[in-house]
Amino acid sequence: MAVPPPRDLRVVRPSSAVPPSGRTALPSLTGARFCAALLVFLYHTTLLSNPIAPASAQTFFGDPGQAEDLAWFFGSCGYIGVSFFFVLSGFVLTWSHRPQDTAPRFWRRRLLKIFPNHLVTWVLAMILFAGAYTPVESWLPNLFLLHSFLSDPQTFSGVNPPAWSLCCELLFYALFPLLIRPVLRIPERLLWWGAGAAVAGIVVMDLIGRYLVADTPRVPQLPLSFTQMWFSYAFPPPRMFEFVLGMVLARMALSGRLPRIRPVWVAALAVAGYAAALTVPAPFSFTLATIVPIAAIICSLTTADLSDRRTLLSSRPAVWLGEISFAFYLVQGITLFYVRERFLTGSYDLPAALLLEAVVFLLTLAAAYALHRAVEQPVMRRFAHGRPRPAPVAGPAQ
């Protein structure tokens with residue numbers, strides 16, 4: 001007699017309304033995108049130094065003790081937010097995959113999704129601050145999103161600093177048409193092994209970065225060299241395992257093998273993962289410490305949407321924020337770093353610092369909305385799907 005799965009690990013099968021392409025909307029995952037972008041924002045606002053002016057403070061908090069405590073506590077937020085984006089990217093692209101789609105059509109949509117926003121923010125960053133100090137040889141790699149493949153810190157973190165992760169996304173998009181077929185062919189009984197293999201790949205990459213990559217010169221406040229930091233965090237190929245994990249999780253969802261995990265256990269995993277990220281040494285704190293909680297969150301939100309259960313992240317405001325999250329992620333490199341260095345110099349007491357945090361957040365949100373409405377939406381609406389093919393002309397009746 002078959003033994004039923006434990007209550008907390010019940011699988012959720014897609015409803016009969018799910019089309020073969022798996023394009024059922026998952027609003028909670030859309031809302032979660034903004035949470036990831038917000039984590040990156042919190043990390044950036046509490047940095048002790050400004051990325052575009054290292055001699056200046058980025059944090060608004062004037063009390064050294066407060067500033068250091070906040071920088072430590074939110075220091076893992078950026079790592080978690082980026083890792084969440086990478087796993088979610090693999091999940092969403094696999095979930096929405098259309099069997100009749102071609103690689104050129106897919107690449108067209110994805111390039112039009114990321115490049116217009118990137119070009120606008122690249123130009124703004126170059127005009128406002130980056131052009132004054134970015135080496136000329138770094139301009140084109142940054143423009144064409146190749147800069148994270150280069151280990152020079154001035155290159156892979158140059159111009160608009162958050163854009164480094166787009167190099168990883170570009171690699172994911174390039175390889176997705178090659179990866180989707182073998183992922184779809186994984187036998188259902190082996191999907192958990194596939195997920196485990198992706199996590200094992202993360203472990204291997206972290207071990208290589210920690211013990212086989214040159215460990216000097218050191219990054220301030222990290223037990224890593226600049227080359228180790230680049231390999232373990234910014235270099236695109238090692239980040240492929242997070243993307244593939246997302247693809248395997250989507251396969252589980254489409255085949256009805258995604259576990260339903262109680263929210264209390266998801267919350268416990270998230271807290272434990274965050275505590276681990278604050279405790280374990282780099283590079284294990286970048287991804288490995290929180291990869292299982294990230295996967296659990298995506299599973300939980302997906303099963304909620306498939307079961308038609310409302311969540312806070314599936315509400316209309318959360319979904320709207322999720323839709324502008326990509327623009328929010330990109331513009332913060334300008335609204336935070338440039339505005340702080342140019343207009344909001346100095347340090348502040350706690351109430352004033354919190355007020356300025358709120359002001360910069362609203363400024364970033366407004367800039368993201370403008371970028372989304374003026375660039376991202378029109379480009380996707382006009383060009384992403386190409387021109388419709390004309391209907392065949394009926395021949396004369398015989």
Side-chain angles (χ1 to χ4, degrees), residues 12 14-15 17-19 21-42 77 80-98 109-110 112-114 116-117 121 162 165-166 169 243 246-247 249-250 253-254 258 260-261 263 266-267 270 293-332 335 358 361-382 384-385:
V12 175
S15 68
V18 176
S21 64
R23 298 185 68 192
T24 295
L26 299 174
S28 295
L29 291 184
T30 302
R33 285 166 49 189
F34 185 78
C35 294
L38 183 61
L39 287 176
V40 178
F41 177 88
L42 291 172
C77 284
I80 296 170
V82 169
S83 186
F84 188 92
F85 275 130
F86 290 166
V87 179
L88 186 62
S89 182
F91 186 100
V92 171
L93 291 180
T94 304
W95 177 260
S96 60
H97 172 67
R98 294 171 286 190
R109 290 195 305 272
R110 301 323 300 172
L112 288 170
K113 175 67 175 178
I114 65 172
N117 280 5
T121 52
S165 67
L166 300 188
E169 293 286 355
F243 180 76
M247 295 181 69
L249 293 177
L254 291 168
L258 202 65
R260 175 183 291 172
I261 310 172
V266 175
I294 286 171
I297 290 169
I298 291 175
C299 289
S300 179
L301 294 176
T302 301
T303 56
D305 286 343
L306 291 177
S307 302
D308 295 323
R309 287 187 287 114
R310 297 281 295 173
T311 68
L312 180 63
L313 293 176
S314 67
S315 63
R316 291 186 64 181
V319 170
W320 178 81
L321 288 171
E323 289 171 349
I324 69 169
S325 61
F326 175 51
F328 183 89
Y329 175 82
L330 277 185
V331 299
Q332 63 183 264
T335 58
F361 170 77
L362 293 176
L363 175 63
T364 305
L365 197 64
Y369 175 73
L371 183 62
H372 178 73
R373 286 298 300 270
V375 177
E376 186 177 343
Q377 276 189 326
V379 168
M380 292 298 292
R381 189 182 300 119
R382 174 65 180 84
H385 302 287

Quick check against the 3.5 Å criterion: does Ser307 have a side-chain atom that pairs as donor or acceptor with the backbone of Ala304? no

Hey, what do you get for CZ (Arg109) to CG (Leu93), rounding to the nearest 0.5 Å? 9.0 Å

Rounding to 0.5 Å, atoms CG (Leu312) and CG (Leu301) come to a distance of 10.5 Å

Nearest non-hydrogen partners of Cys35 and Leu313, listed with the distance: SG-CD2, 3.6 Å

With sequence neighbours excluded, tell me which residues meet side chain to side chain contact (heavy atoms under 4.5 Å, CB included) with Thr121. Asn160, Leu330, Val331, Ile334, Leu371

Restricting to non-hydrogen atoms, name the atom on Ala37 and the atom on Gln332 that form the minimum distance, rounded to 0.1 Å. O-NE2, 3.8 Å

Between atom CD1 of Ile294 and atom CG of Leu88, what is the distance when rounded to the nearest 0.5 Å? 10.0 Å

Where is the tightest heavy-atom contact between Leu26 and Phe91, given as atom of each residue plus distance? CD1-CE2, 3.7 Å

So, are Lys113 and Glu376 salt-bridged, with charged N and O less than 4.0 Å apart? yes

At their closest point, which heavy atom of His372 faces which heavy atom of Glu323, and how far apart are they? CE1-O, 3.3 Å

Between Ser325 and Gly322, what is the shortest heavy-atom contact and its length? OG-O, 2.6 Å

Taking only residues two or more places apart in sequence, or in another chain, which ones meet Leu363 in a side chain to side chain contact (heavy atoms under 4.5 Å, CB included)? Thr335, Val339

Closest contact, heavy atoms only, Leu29 versus Asp305: N-OD2, 3.9 Å

Using a 6.0 Å cut-off, check whether atom CZ of Arg309 has over 12 heavy atoms from anything other than its own residue. yes

Value for CG (Leu112) from CZ (Arg381), rounded to nearest 0.5 Å, stands at 13.5 Å

Parallel, tilted or perpendicular: rings of Phe361 and Phe34 (30°, 60°): perpendicular

Filter on ring-ring contact (aromatic ring centres under 6.0 Å, His included), then keep only pairs touching residues 297-322, sequence neighbours left out; what's left? Trp320-Tyr369

